[in-house]
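Predicted model, so just to flag it, every value in this text is computed and none were measured.
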Amino acid sequence: MINFNGNIVQVSNQNIENNRGFLYGDAVFETIKVLDNKVLFLEDHYFRLMASMRVLRMEIPMNFTMEFMEEEILKTVAEVETISGSFKVRLTFFRDSEGLYLPKNNTSSKFIIQVSALNDAIYSISKSKYEIELYKDFYVPAQLLSSLKTTNKLINVTGSIFANENGYDNCLLLNDNKQVVEALNGNVFVVSGNHIKTPPVSDGCLNGILRKQLLDIISKDGDFTIEEASISPFELQKADEIFITNIIIGIQSVTKYRKKEFINSVANKLIVKLNAKIRLV
């Protein structure tokens, strides 16, 4: 189901040959989870979207308030049936002017909301094997643009193809300083003893919504310390645990990296706290 500029339609019928999101990747998006008719972490999603549009010099429509965004998401969700009450929502904004690399203006009045039903309501830790590898064909620039959710995701596409061709469940991306940045579809956390590390946004990782929630949860948990610091590939094989996070899967434990196998005791503890938090949102 699609919401195109406030109208519920089966297809948007957008003319892609003049769409800047298609031509130049000139678009930003948010991936959002809705549970029991509540938009999880609405404020965080809204302000990240607004910040991304400002960085890209997109004009924000005056009527696109946080309340309007919530209303449009829930209006679209209401058109999709599900037993779990859980939905994946993608909201995309693209600059709608003509022009080449230089747009004729910065108007960004068009948005598309896509909704699909999810099977599970709360987050859970998968018990399946989950093996990762480094993806080294291309590198993520350690700059502000890398932290934004834009439609320019070629490194994630080529990395996903590499993982699929080589039998891996996911890959970790490196920045141009050869530091671990993130996974193909989420942020990465590395656990050693009672200390947890995740790359800082300045290294080029996505400024993830679930990343923010876990930083808050871990910082309030007296059993662990949390640090935003650069992670070298060498640290991965010394770690006790590695997990990947995003708003849809919650926490995904890594079971193997090269010859090293990992436990998931910290991830299991954090998923309980995360589920408690989303029920209070």
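- D44 has its side chain out of reach of E30: every pair of non-hydrogen atoms, C-beta onward, lies at least 4.5 Å apart.
- R20 places a side-chain N or O within 3.5 Å of a backbone atom of Y101 that can act as its donor or acceptor partner.
- Every residue two or more places apart in sequence or in another chain that forms a ring pair (Phe, Tyr, Trp, His ring centres under 6.0 Å) with F68 is listed here: F64.
- The side-chain heavy atoms of S219 and I226, taken from C-beta on, include a pair separated by under 4.5 Å.
- In this structure, S108 and M53 have side chains that are in contact, with non-hydrogen atoms separated by less than 4.5 Å.
- A 4.5 Å side-chain heavy-atom check between I112 and F94 finds at least one atom pair inside the cut-off.
- Between the side chain of S126 and the backbone N or O of S128, at least one donor-acceptor pair lies under 3.5 Å.
- A 6.0 Å sphere centred on NZ of K260 holds more than 12 heavy atoms belonging to other residues, nucleotides or ligands.
- The closest donor-acceptor contact from the side chain of Y24 to the backbone of N152 lies at 3.5 Å or more, if one exists at all.
- Among I242, N264, I244, the one residue that satisfies the side chain to side chain contact (heavy atoms under 4.5 Å, CB included) test with S253 is N264.
- A distance-only check finds a donor-acceptor pair linking the side chain of E182 to the backbone of L206 [under 3.5 Å].
- The heavy-atom pair separating Q237 from R258 by the smallest distance is NE2-CB, 3.8 Å.
- Within the 3.5 Å criterion, the main-chain N or O of A267 finds a donor-acceptor partner in the side chain of E241.
- For K212 and F41, the positive end is not near the middle of the six-membered ring at less than 6.0 Å and at most 45° from its axis.
- The side-chain hydrogen bond (donor to acceptor under 3.5 Å, both in side chains) contacts involving residues 74-90 comprise N3-T76, E72-K75, T82-S84, R90-T92, where partners must be two or more places apart or lie in separate chains.
- Considering CZ of F189 and CG of L270, their distance stands at 8.5 Å, rounded to 0.5 Å.
- Using modelled atom types, no side-chain atom of D169 and backbone atom of I132 make a donor-acceptor pair closer than 3.5 Å.
- Following chains of ILVMFWY side-chain contacts shorter than 4.5 Å, one can reach F47 starting from V28, so the two form part of one hydrophobic cluster.
- A donor-acceptor distance shorter than 3.5 angstrom exists from the side chain of N246 to the backbone of N185, with no hydrogens or angles considered.
- Both tests hold for K178 against Y139: distance to the six-membered ring centre under 6.0 Å, angle to the ring axis within 45°.
- Side-chain atoms of S124 do not come within 3.5 Å of backbone N or O of I122 as any donor-acceptor pair.
- With a 4.5 Å cut-off on side-chain heavy atoms, E261 and T255 do not count as touching.
- Residue pairs that meet the ring pair (Phe, Tyr, Trp, His ring centres under 6.0 Å) test with at least one member in residues 151-175, sequence neighbours left out, are Y135-F162.
- With N106 contributing its side chain and E59 its backbone, the two residues share no donor-acceptor pair below 3.5 Å.
- Looking at K197 and E235, a side-chain N of the basic residue comes within less than 4.0 Å of a carboxylate O on the acidic one, giving a salt bridge.
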